[in-house]
Amino acid sequence: MALLLAWALVACSLVSCSRDANAPVSRSSDAPTGLVTVSGDDRMARTLTWQAPVVTLPVEPTAPKDAAVRASVDRFPVAHKRAAAALADGQLYADGASAIPIYMALLKQAPDDTVAQAGLQRALTALLAMGATALDAADDDIAALRDAHQIAAVARTTAPTDKAVQDYLRQVDRADQLWDLNRQAEEDISAGRLGESGGGALAILRSILHLKPHQARALQGLAAVESGMLRRADAAGLRGDFIAADRWIAMAARVRPGSTTTVADARTRMAVMRSARIEQLHDEGMRALLQRTGIAFARGKLAEILRIAVPGDPVAAELQQRIELAAHYGLFRPGQSFTDGLKLGARGPTLLVVPHGGFRMGAKDGEDDSDDEKPAHYVRFDRGYAMARTEITVDQFREFVQSSGYRPTATRRGYSMVYEERSGNFVRRNGIDWQSTYDGARAGDDLPVVHVSARDAEAYADWLSGQSGQHYRLPSEAEFEYALRAGHSMIFPWGGGAPVAGAGNLTGSRDVSPGGRHWSDAFRGFGDGFWGPAPVGHFDANAYGLHDLAGNVSEWVGDCWHDGYRRAPDDGASWLNPGCQMRVVRGGSWASAPSQTRSAWRAPVGADTTNARTGFRVVRQL
């Protein structure tokens, strides 16, 4: 009956006739109006418009003229076949060759045509099934929602009073509401209106799930709200506000009560952040204790730790003990040896605290020197500093490369300078990098790393800083010379004249290469048993407990090259120029002439230079 009412409302334009196709169809006062009121507002009623395409029904010329009124299937057999074929192909409403317009045109001509009525009912059923498929995807697919709208317009025009059509129209209306609600919730999430104080995205998403439980898009919105709250918890944790962080995590836990993994992960992450913050506060307090007025600052850090730590936290107890000790003794003492723990679980280089003090830096009058080492000038360190006991080893540098993914200079360009036994010279060779020793062979783990540039050395120091939370860097020239002299002002680090036994890995006349070569310029009568770098720490330490400053390998320092010391800093800081390409190398090496092992010796070297004679060590700020 609903379909009989529907086709009766279709305009004359469905068939070829003389009536204006756009003229309204007259209806009795009790005839269906074609307007369906659905839940929500009337937006759907305004948009559900579909004009049925024009259909021309071919009439069989052989139909008997004197016969009684015949069924349209007899009068229009071709049209019936076309409609059935279109229905079978799923061609329902797009044009005049589609099933629904043809069946509606047939019923316009023969309202009692039961075959056309049944065909139109089947087409309507297929149309609503197509609409249901579109609605299934319409939660997060605007194209599917538009398809659902178009199908609703066709269904509403075809059978406005049909119960299934009215149900479908209500479903489309609800899909519209859900889409608008989801869009508003997503806008609120983007704007940070999560709903922690009521309203906002959280309230909207819960209203969506009330209308349509388990809707995937709304559930994703809840996950986004939860994630937003956990991000705020992380931000609060990074600020050290763990009270706020715990509050945000608690709110996030109520968003999706059945989903505990992300909240549990957040609690674990917050515990790590809290521990890291406690460690950071501890380290800040420890560093403050090295300053004359730092005890009050350190006590403030302790108070902050106690505010966020659980009772009996060992880090808090240790800092409290250190504060008490610092009030009398300070955190470090000259000559103290220590290492810093690294995030990767290893320990940093062994460091020695160099006592603060002053010295006269540069060459004395009468030395076999150059103007680059003058004028001698007084430098004073107001504070001590910690210097690596030895040069950085191959094994230590390997930890850096593997942990950070850094590609050192020689590795990137594929070559470095090595010692060639055949010629007795240093030559460029491909395939050499930090893993190689002086002659290109594989380097042992305990050898000083060579074939590294100044930039590589600084990258290692920066990595140590990040790993330890302390400030590592290359020593300044002043710090290097001060540590090398270790309290005396003689020409050589060991004093005057030839080196004593155990002084270091230096060039001596008794040294012999694997091929039987001897040095042409060496300390007479001296031999150390090595041709090439020796394992670090093999020779005697100096008065400050430091090894190999006088020999083994020369070392990069933090300064840019200057042709002399005029206007040099007098506080021991590195002398820098932005973007400088020439850097300073200090200290003798296994292949240095005696004049290059003097305490004041210095040389300019390009920052990207790599060779078999230069390594480095680091210092740490106290």
Side-chain angles (χ1 to χ4, degrees), residues 342 344 346-350 388-461 463-464 474 504-507 511-515 517 519 528-539 546-557 585-592 605 607-618:
L342 306 183
L344 56 78
R347 305 294 299 182
T350 299
R389 186 195 294 272
T390 67
E391 297 123 333
I392 299 303
T393 66
V394 171
D395 185 54
Q396 290 167 332
F397 199 77
R398 180 181 294 112
E399 284 183 340
F400 154 60
V401 171
Q402 292 178 347
S403 171
S404 66
Y406 178 80
R407 298 191 70 226
T409 303
T411 303
R412 285 185 283 105
R413 67 189 180 195
Y415 66 86
S416 187
M417 299 294 290
V418 298
Y419 174 78
E420 184 184 69
E421 178 68 25
R422 181 179 59 83
S423 65
N425 293 320
F426 287 87
V427 298
R428 171 174 158 173
R429 184 179 297 171
N430 293 335
I432 303 299
D433 68 1
W434 61 272
Q435 302 173 90
S436 309
T437 189
Y438 78 103
D439 60 356
R442 183 79 174 184
D445 288 349
D446 60 349
L447 287 175
V449 66
V450 290
H451 304 295
V452 288
S453 67
R455 303 187 200 284
D456 299 334
E458 288 173 333
Y460 175 85
W463 172 79
L464 270 184
L474 293 182
N505 183 8
L506 311 166
T507 53
D511 290 335
V512 183
S513 76
R517 290 184 176 275
W519 298 113
D528 52 53
F530 286 90
W531 192 279
V536 300
H538 181 82
F539 296 94
L546 301 165
H547 294 269
D548 302 320
L549 286 166
N552 213 26
V553 296
S554 298
E555 301 180 26
W556 292 108
V557 294
V585 166
R586 295 297 301 254
S589 76
W590 62 274
S592 297
V605 181
D608 289 323
T609 299
T610 63
N611 57 53
R613 300 195 299 182
T614 306
F616 69 99
R617 75 181 70 211
V618 293

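Positions are given from 1 along the sequence.
- The two residues T409 and S453 make their nearest non-hydrogen contact at OG1-OG, 2.8 Å.
- Judged by distance alone, with hydrogens and angles left aside, the side-chain atoms of N552 form a donor-acceptor pair with the main-chain N or O of A534 at under 3.5 Å.
- Atom CZ in R412 sits 7.5 Å away from atom CZ in R407 (nearest 0.5 Å).
- To the nearest 0.5 angstrom, S404 atom OG is 9.5 Å from Q402 atom CD.
- R613 places a side-chain N or O within 3.5 Å of a backbone atom of A591 that can act as its donor or acceptor partner.
- Looking at P349 and I392, their side chains come closer than 4.5 Å, going by heavy atoms from C-beta outward.
- For the 3.5 Å distance criterion, the side chains of Y419 and N425 fail to qualify, holding no donor opposite an acceptor.
- A salt bridge does not link R617 to D548: none of the charged nitrogens lies less than 4.0 Å from a carboxylate oxygen.
- Between E421 and P514, the shortest heavy-atom contact is OE1-CD, 3.8 Å.
- Between the side chain of E391 and the backbone N or O of G615, no donor-acceptor pair lies under 3.5 Å.
- Residues V585 and W556 meet the side-chain proximity criterion, which asks for heavy atoms closer than 4.5 Å.
- Put simply, the side chain of S416 does not reach to within 4.5 Å of the side chain of S436, judged on heavy atoms.
- With a 4.5 Å cut-off on side-chain heavy atoms, V450 and T437 do not count as touching.
- For the 3.5 Å distance criterion, the side chains of E555 and T614 fail to qualify, holding no donor opposite an acceptor.
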Item checked: From CA spacing to verdict: side-chain contact (heavy atoms from CB on, under 4.5 Å), H451, D433 -> CA-CA 6 Å; H451 304 295; D433 68 1; 5.6 Å; no
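- Distance check: D456 CG to D608 CG gives 8.0 Å after rounding to the nearest 0.5 Å.
- With contacts defined as side-chain heavy-atom distances shorter than 4.5 Å, the pair Q396/Y460 qualifies.
- What you find for E420 and S423 is that their closest heavy atoms are OE1-OG, 2.6 Å.
- In terms of heavy-atom proximity, R347 sits nearest to E399 at O-OE1, 4.5 Å.
- Interatomic distance, CZ of R398 versus CD of Q435, reported as 6.5 Å (0.5 Å rounding).
- For R422, the CZ atom sits in a loose shell: 12 or fewer heavy atoms of surrounding residues, nucleotides or ligands are nearer than 6.0 Å.
- Looking at R413 and T610, their side chains do bring a donor and an acceptor atom within 3.5 Å of each other.
- Just one residue in the list F616, W434, Y406 forms a ring pair (Phe, Tyr, Trp, His ring centres under 6.0 Å) with F400, and that residue is Y406.
- For the pair R429 and Y415, the cation-pi test (distance below 6.0 Å, angle within 45°) is failed.
- Between E458 and L474, some side-chain heavy-atom pair lies under the 4.5 Å cut-off.
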Checklist line | Residue pair Y438, W590: steps toward the ring pair (Phe, Tyr, Trp, His ring centres under 6.0 Å) verdict | finding: CA-CA 10 Å; Y438 78 103; W590 62 274; 5.0 Å; yes
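- Side-chain contact check for D446 and T393: no donor-acceptor pair (N or O, by modelled atom type) lies under 3.5 Å.
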Margin query: If you apply the rule side-chain contact (heavy atoms from CB on, under 4.5 Å), what do you find for F530 with F539, and how did you get there?
Written below: CA-CA 11 Å; F530 286 90; F539 296 94; 3.8 Å; yes
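- Side-chain contact between W463 and L342 is present, with at least one heavy-atom pair separated by less than 4.5 Å.
- Closest non-hydrogen pair, P535 versus L447, comes out as N-CD2, 3.6 Å.
- At least one side-chain heavy atom of F397 sits under 4.5 Å from a side-chain heavy atom of P408.
- Nearest heavy-atom pair, A612 versus P533, reported as atom, atom and distance to 0.1 Å: O-CG, 4.4 Å.
- Looking only at distances, no side-chain donor or acceptor of T350 sits under 3.5 Å from a matching main-chain atom of R389.
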